[in-house]
Amino acid sequence: MKNQDPRIGFVSLGCPKALVDSELILTRLRAEGYAISPSYDGADLVIVNTCGFIDSAVKESLDAIGEALEENGRVIVTGCLGSRSAEVRAAHPEVLAVTGPHAYEEVMSAVHQELPAPHDPFTDLVPPQGVKLTPRHYAYLKISEGCNHRCTFCIIPQLRGDLVSRPIGEVMREAENLVAAGVRELLIIAQDTSAYGVDLGYRTDFWGGRPLETRLRSLAAALGELGVWVRLHYIYPYPHVDDIIPLMADGKLLPYLDVPLQHGSPRILKAMRRPAAAEKALERIARWREICPEIALRSTFIVGFPGETEAEFEQLLEFLREARLDRVGCFAYSAVRGAPANALPDPIPETLKEERRERLMELQSAISMEKLAAKVGSEMTVLVDEVGEDAVIARSSADAPEVDGNVVIEGAWELAPGDLLRVEITSSGEHDLWAQPLDVTD
Ligand code: SF4
């Protein structure tokens with residue numbers, strides 16, 4: 001009888017980009033015949049994929065490594081915090097190996113060294129779409145790694161290097177496999193999605209024998225042919241983004257853009273060294289709405305950046321009043337070790353940062369409530385995420401999973417996650433909508 005396959009436990013922390021790294025590592029492990037253990041004590045060793053973005057994430061990562069060591073004892077560390085190997089080893093000298101982000105080969109060679117792969121040429125354990133950590137009906141698709149910008153509050157380029165785009169043929173094949181495996185929504189991510197292909201000189205690659213340029217416009221158009229929801233995240237307001245919006249107006253892409261704007265004051269944007277800081281974001285937004293009136297815009301902002309005056313904060317509020325964005329996240333500025341912004345003068349006291357964050361969210365809640373109330377009585381298609389005994393949780397094209405709102409359908413319905421459904425909106429709240437089903441369109 002065959003011995004039990006070597007078993008690996010996996011802890012995945014951090015952002016969607018780290019999640020995709022975890023999926024790639026898990027896919028490789030399964031391809032080589034390792035089993036994945038859901039518990040520490042059933043595992044022969046544990047891989048911890050860490051986050052090192054802000055101090056609280058570093059602490060969470062170090063705690064997770066500590067817990068894995070305590071519960072299992074044999075731990076390999078990878079991910080963003082792994083690029084600060086000395087820090088990890090100082091806190092936990094007993095870890096077996098430490099590798100940085102997207103270091104798949106290094107992780108695999110550390111695993112091989114500690115736990116040789118089983119050899120079973122008759123078993124192909126990996127589905128073509130890889131192993132996914134998200135529910136079966138949606139998946140993140142990472143189109144590039146790293147970033148060419150140098151925002152002063154961010155250390156991602158130090159951790160992950162400059163932009164490296166995946167050739168368009170490779171991205172499309174992965175997208176096709178995901179769709180064939182039942183994925184109904186693709187969430188396109190990168191550190192800077194709008195820069196896709198710049199590093200490759202927009203090189204032509206092939207998908208299904210067709211030549212395609214490795215650039216966002218052609219990728220978006222090709223993804224739009226797959227017949228599933230396609231949602232774009234982390235887009236900067238460059239003029240060339242205007243070319244993508246007609247695809248939304250034509251129903252090829254979801255009318256949704258996640259544009260991390262971070263501030264509304266030109267001086268602060270300059271101090272942050274934000275990409276597209278010189279672009280006139282309000283004009284860009286107006287142009288997008290002209291081309292595709294139903295577009296939903298999501299953004300994130302940072303308040304309390306060093307030196308932010310009351311007048312500059314007011315400028316940000318004024319920007320929000322004019323932009324009337326659909327979804328907004330707001331963070332109080334938090335110093336990231338190694339980020340150039342730490343050296344800027346005039347740090348803002350924590351209480352003031354928090355007060356500004358609350359004022360911003362209060363304003364945005366009112367905008368969000370008004371915008372959602374205007375949808376009552378309209379009909380829309382929603383994608384089912386969860387089916388409970390007395391309610392179904394779904395999302396509209398305006399809602400990305402985890403970060404935006406939901407459309408709640410009260411009652412018990414014969415539906416399954418991944419179903420598409422026409423509904424009529426019956427009421428609205430601050431972030432969510434309530435609806436009645438009209439018919440099932442899957
Ligand atoms: S665009 Fe700026 S915030 Fe985003 S990853 Fe690049 S450097 Fe960091």
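When reading the values below, keep in mind they use all heavy atoms of this one structure, side chains included, and skip hydrogens, waters and symmetry mates. Whatever order the structure lists them in is the order used to number ligands and atoms, beginning at 1.
- Salt bridge present: Asp326 and Lys371 bring a charged side-chain N and a carboxylate O closer than 4.0 Å.
- Using bins of under 30°, 30° to 60° and over 60° for the plane-to-plane angle, the ring pair Tyr333/Phe305 lands in the perpendicular bin.
- In summary, no N, O or S atom of Cys147 is located under 2.8 Å from atom 2 (Fe) of ligand 1.
- At least one heavy atom of Arg274 lies less than 4.0 angstrom from ligand 1.
- The aromatic rings of His149 and Tyr238 sit parallel, their planes meeting at an angle under 30°, below the 60° perpendicular limit.
- Of all atoms in ligand 1, listed by their number and element, those nearer than 4.0 Å to a heavy atom of Cys154 are 3 (S), 5 (S), 7 (S), 8 (Fe).
- If you check the side chains of Thr50 and Ser61, you find no donor sitting under 3.5 Å from an acceptor.
- The atoms of ligand 1 that sit less than 4.0 Å from any heavy atom of Tyr236 are 1 (S), 4 (Fe).
- With hydrogens left out, the protein atom closest to atom 2 (Fe) of ligand 1 is Cys151 SG, 2.3 Å, a heavy atom.
- Both the sub-6.0 Å distance and the 45° axial angle are not jointly satisfied by Arg274 relative to the ring of Phe153.
- Taking every heavy atom of Pro157 and a limit of under 4.0 angstrom, the matching atoms of ligand 1 come to 7 (S).
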